[in-house]
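This report concerns only the one structure given below.
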Amino acid sequence: MRPFCKLQILVMSAWALASVTTAADQIYSPPRAAVEDTRSPQKVCEHPIYCDGPILRTIQLGGVFDSDKTFIDMPTRKPVSDIVHAFGKLPLNATRGQLAAFVHDNFYPAGSDVVEVELEDWNDDPPFLKGIVDPVLRGYGLSLHNQWKILGRKRNTSFLCAGCESSLLPVNHTFIASGSKTTREFRYWNTYYVELGLLQSGLYKTARGVLQNLLDAIALYGFVPSGGRIYYTDRTEPPLLALMVKTYFEATQDLDFVTAALPLLKRELAYWDEYRSVNVTYTRNTTDASLGKRDHIEVVTSKTTTFGPNLFSTAIFNRYAYLRPETYSSDYTIAKTSFSGPSLFSTALSYGSLYAATESGTFPSIQYANRYTATIGPSLFSTALNRRQLNLPKDNPFAAFTKDQLCVLGSVNINSTIPVNLNSILYQAEIIVANLTSIVNRYEVDRESEMYHKRAEERLKTMLDLTYNPDTGLFADYNLGLGQQSDVWSVNSLWPSWAIGNALPANHKQRALENIAQLHDKFPGGLPNTYYNTSLGWDYPNIKPPLQHMAIRSADAAEKSLSSDNSTVYASYKGTAAKIAQSTIETAFCNWYTTGGSIPGVLNSYGSDSKGSSGMSLGSFTIGPDGNAVAATNAELQGDFTWTTGITIWLLNQYKSQLRIPSCPNIKLNLVNKVCKKRTRSVRRSRTLN
């Protein structure tokens with residue numbers, strides 16, 4: 001099995017190894033595990049237009065549209081069988097004009113199957129604003145709340161003929177478009193952050209419908225696809241649905257909903273067990289509760305979960321099978337370059353490893369192969385994505401990079417990695433399902449509830465054995481092929497602090513809080529996933545709101561746990577969660593402001609008058625060399641994402657009593673005069689209190 005590449009050649013800021021303990025510092029060596037791959041072969045989508053086949057390949061590589069997502073979001077005007085027949089009559093060397101005419105004759109415009117709808121439970125006075133006094137914070141919060149009003153969508157295929165089809169899944173309830181102009185469906189894990197905001201906005205009925213769409217998808221497919229289109233039905237994302245149901249129940253006490261949802265949550269866990277889990281056998285050092293003294297050793301076999309599927313089915317040997325429809329042309333460019341270009345890629349792609357990484361629907365410690373997020377901001381693949389200027393397959397988009405740098409992109413090892421974040425999320429889901437089962441059964445002794453508790457306990461033991469380093473007190477992804485923990489430390493490795501919480505060793509809680517606090521000191525504008533500037537979307541200098549949310553929840557959990565111990569770490573880093581919450585709100589606010597946000601009578605827009613424009617909730621932010629956020633001025637580069645809206649609303653409610661008035665580095669807020677005087681007094685009063 002091909003080992004991870006060495007990453008020292010990458011551009012890395014000087015602070016990376018100086019201030020934060022990484023897995024590379026480890027003296028501890030985890031046990032080496034033997035692996036039995038018990039995963040069932042991954043099912044693939046075989047739709048002849050939207051998922052695979054000559055029509056998809058020809059249109060996506062023919063330069064008909066600027067975005068690959070356009071074609072696959074177009075409902076058919078005619079029955080699919082008729083379209084397949086008509087395509088067969090096109091010449092083999094059809095021109096771009098002929099292909100465009102074929103599409104026009106046989107398909108409706110992209111997104112014709114989605115209509116905007118009003119939210120049935122809309123309210124103009126969201127409850128989370130109660131207690132927020134500052135006019136700028138209140139105005140910003142109300143602007144975020146008002147975004148829900150324009151994001152409600154429903155499926156409409158009533159105009160389709162018999163035999164005509166749409167790529168949109170049969171969602172029965174209102175959903176919230178996840179963001180950007182090309183996103184015309186729900187996305188799985190984004191829905192969790194949407195739910196957080198909807199509940200704080202008092203939109204309980206909308207939140208229930210949003211969750212019901214995901215539950216309906218499990219009833220149809222056995223899992224939640226990455227998104228609400230048919231071409232996502234062979235992929236999924238981190239299983240946060242159990243957490244969503246728990247969050248909804250805590251806000252509404254809707255036991256009927258939980259009772260109906262519970263069998264489907266169990267079915268989703270069964271999917272991860274069948275299609276993503278492997279058996280690992282290793283020597284376990286049995287320890288006391290504090291992971292200190294070793295008592296005895298035993299050989300154990302345990303089940304753990306990877307992001308990667310079992311790819312060794314007939315369909316995967318088709319070289320086009322792992323090209324994602326929504327990024328088909330860029331994936332094709334990468335694959336063709338790999339087969340005919342640097343030998344570095346040949347092995348990985350011939351075994352479908354690129355597909356394994358992109359199919360997984362999320363990211364490992366470094367997002368080695370997720371080309372979709374690489375399109376946001378400065379991108380290694382910018383030339384590959386501009387296919388009209390490419391002469392495929394001769395042009396090599398990697399020509400400007402050395403073989404060592406390309407090694408990062410070739411280090412696709414999803415299938416043989418035990419990811420800390422995924423197994424933490426699954427532990428959390430198993431505990432939630434166990435507890436909800438007990439609640440539904442009126443807290444009577446229940447074997448099924450006990451079974452899920454035991455599964456979670458065994459998962460935690462395996463994580464502590466293989467991914468936890470007792471010397472550093474930190475977690476790191478475990479490479480099954482090498483029998484080693486990854487030397488690439490990631491903020492994602494802090495996910496256990498939130499998802500597992502009090503069941504973790506005290507040493508981890510202390511080190512987690514210490515690391516989060518030190519990272520925030522270095523990067524007040526936001527915490528990057530890794531320290532490496534790979535030019536990929538989740539790595540430095542890119543900042544993603546979901547990771548900020550996770551870091552805040554992890555810091556908060558560590559603070560609460562350590563507060564009772566009166567530890568020196570707690571005394572030194574108390575308030576870290578609130579500090580990151582403040583900076584996360586400020587980063588989102590400043591980018592909202594510089595992309596057109598204003599508040600009538602309170603805040604004039606950036607460089608112009610107050611018109612009450614909404615601004616943008618960007619899905620990704622960038623930090624500069626000083627660690628502060630770089631405010632965007634062109635929202636088109638990054639897109640408008642509802643996970644930022646939901647997270648920011650949740651933070652405004654959760655930390656309203658601790659928030660300072662937001663400020664933007666190197667940007668002066670264009671306040672209305674009377675507001676400026678009032679806020680100046682408020683700032684002085686706030687400083688006095690602090």
Side-chain angles (χ1 to χ4, degrees), residues 42-62 64-76 80 83-84 87 103 106-114 153 155 157 160 164-171 175 177-191 213-214 216-218 220-237 271 275 309 311 313 315-316 318-332 334-335 352 354-362 369-373 375 385:
Q42 173 66 41
K43 301 173 183 178
V44 296
C45 175
E46 297 178 342
H47 194 282
I49 294 176
Y50 298 120
C51 293
D52 193 17
I55 297 177
L56 178 71
R57 183 161 61 250
T58 302
I59 299 301
Q60 299 294 56
L61 299 181
V64 179
F65 301 105
D66 290 332
S67 169
D68 287 340
K69 205 168 181 305
T70 301
F71 173 62
I72 54 177
D73 287 358
M74 302 176 78
T76 67
V80 170
I83 295 176
V84 172
F87 179 79
V103 172
N106 291 282
F107 296 88
Y108 290 104
S112 300
D113 46 10
V114 174
R153 302 286 187 272
R155 184 179 194 261
T157 56
L160 295 182
C164 292
E165 296 185 21
S166 160
S167 64
L168 191 67
L169 299 185
V171 289
F175 63 90
S178 61
S180 79
K181 292 182 178 180
T182 61
T183 306
R184 308 173 183 93
E185 66 281 327
F186 71 77
R187 296 300 299 270
Y188 181 9
W189 80 312
N190 180 80
T191 303
N213 287 329
L214 304 188
D216 291 345
I218 296 177
L220 280 173
Y221 303 104
F223 64 97
V224 182
S226 292
R229 296 267 171 187
I230 192 171
Y231 48 81
Y232 290 122
T233 56
D234 52 10
R235 284 172 277 173
T236 187
E237 292 183 344
Y271 167 84
Y275 289 97
L311 296 171
S313 60
I316 298 303
N318 176 347
R319 74 190 308 176
Y320 299 107
Y322 52 78
L323 304 183
R324 294 164 296 166
E326 75 277 15
T327 52
Y328 196 97
S329 62
S330 57
D331 284 359
Y332 177 85
I334 295 164
L354 172 62
Y355 180 84
T358 57
E359 193 278 343
S360 67
T362 186
N370 194 321
R371 314 310 184 191
Y372 181 72
T373 55
T375 65
L385 292 171

Looking at [atom1] of [X] and [atom2] of [Y], how far apart are the two atoms once the value is rounded to the nearest 0.5 Å?
X	Y	atom1	atom2	answer
Thr70	Ile59	OG1	CD1	12.0 Å
Phe87	Thr58	CZ	OG1	3.5 Å
Ser67	Gln60	OG	CD	8.0 Å
Cys164	Asn106	SG	CG	9.5 Å
Leu160	Ser112	CG	OG	9.0 Å

Report task. In sequence, state the C-alpha distance, the side-chain angles, and the governing distance for Ile55 and Val84, and then conclude on side chain to side chain contact (heavy atoms under 4.5 Å, CB included). Result -> CA-CA 8 Å; Ile55 297 177; Val84 172; 4.1 Å; yes
Kindly indicate whether the side chain of [X], heavy atoms from C-beta on, has any atom under 4.5 Å from the side chain of [Y].
X	Y	value
Leu168	Glu185	yes
Val80	Tyr50	no
Asp73	Ser167	yes
Val64	Phe71	no
Tyr328	Ile72	no

Query raised in the report: Are any side-chain N or O atoms of Thr76 and backbone N or O atoms of Glu165, one a donor and one an acceptor, separated by less than 3.5 Å?
Result: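 Judged by distance alone, yes, a pair lies under 3.5 Å.
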Query raised in the report: Counting N and O atoms only, with roles assigned by atom type, does the side chain of Ser178 sit under 3.5 Å from a partner on the main chain of Phe186, one being a donor and the other an acceptor?
Result: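 Not a single qualifying donor-acceptor pair exists.
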Query - Audit row: Val114, Phe175, side chain to side chain contact (heavy atoms under 4.5 Å, CB included) steps and yes/no - result: CA-CA 10 Å; Val114 174; Phe175 63 90; 4.2 Å; yes
Closest heavy-atom pair and its distance - [X], [Y]:
X	Y	value
Arg235	Pro325	NH2-CD, 4.1 Å
Cys45	Asp234	N-OD2, 3.3 Å
Glu46	Cys51	N-CB, 4.2 Å
Arg187	Tyr232	NH1-OH, 3.5 Å
Asp68	Thr327	OD2-C, 3.2 Å
Gly227	Leu169	O-CD1, 3.8 Å

Report task. Sequence neighbours left out, what passes side-chain hydrogen bond (donor to acceptor under 3.5 Å, both in side chains) with Ser166? Give chain and number order. Result ->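 Residues passing side-chain hydrogen bond (donor to acceptor under 3.5 Å, both in side chains) with Ser166: Asp113.
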**Report entry** side-chain hydrogen bond (donor to acceptor under 3.5 Å, both in side chains) involving Arg155 - partner list, sequence neighbours excluded
**Finding:**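 Per chain and number, Arg155 pairs via side-chain hydrogen bond (donor to acceptor under 3.5 Å, both in side chains) with Thr157.
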Query - Partner set under ring-ring contact (aromatic ring centres under 6.0 Å, His included) for Tyr188, not counting sequence neighbours - result: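 Testing Tyr188 for ring-ring contact (aromatic ring centres under 6.0 Å, His included), a comparison that skips the adjacent residues, returns none.
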Query raised in the report: Tyr231 and side-chain hydrogen bond (donor to acceptor under 3.5 Å, both in side chains): which partner among Glu326, Lys69, His47, Arg324?
Result: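 So the option named by the test is Lys69.
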Requested in this report: Report yes if the distance between the aromatic ring centroids of Tyr221 and Tyr271 is under 6.0 Å, otherwise no.
Outcome: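 Ring centroids of Tyr221 and Tyr271 are no less than 6.0 Å from each other.
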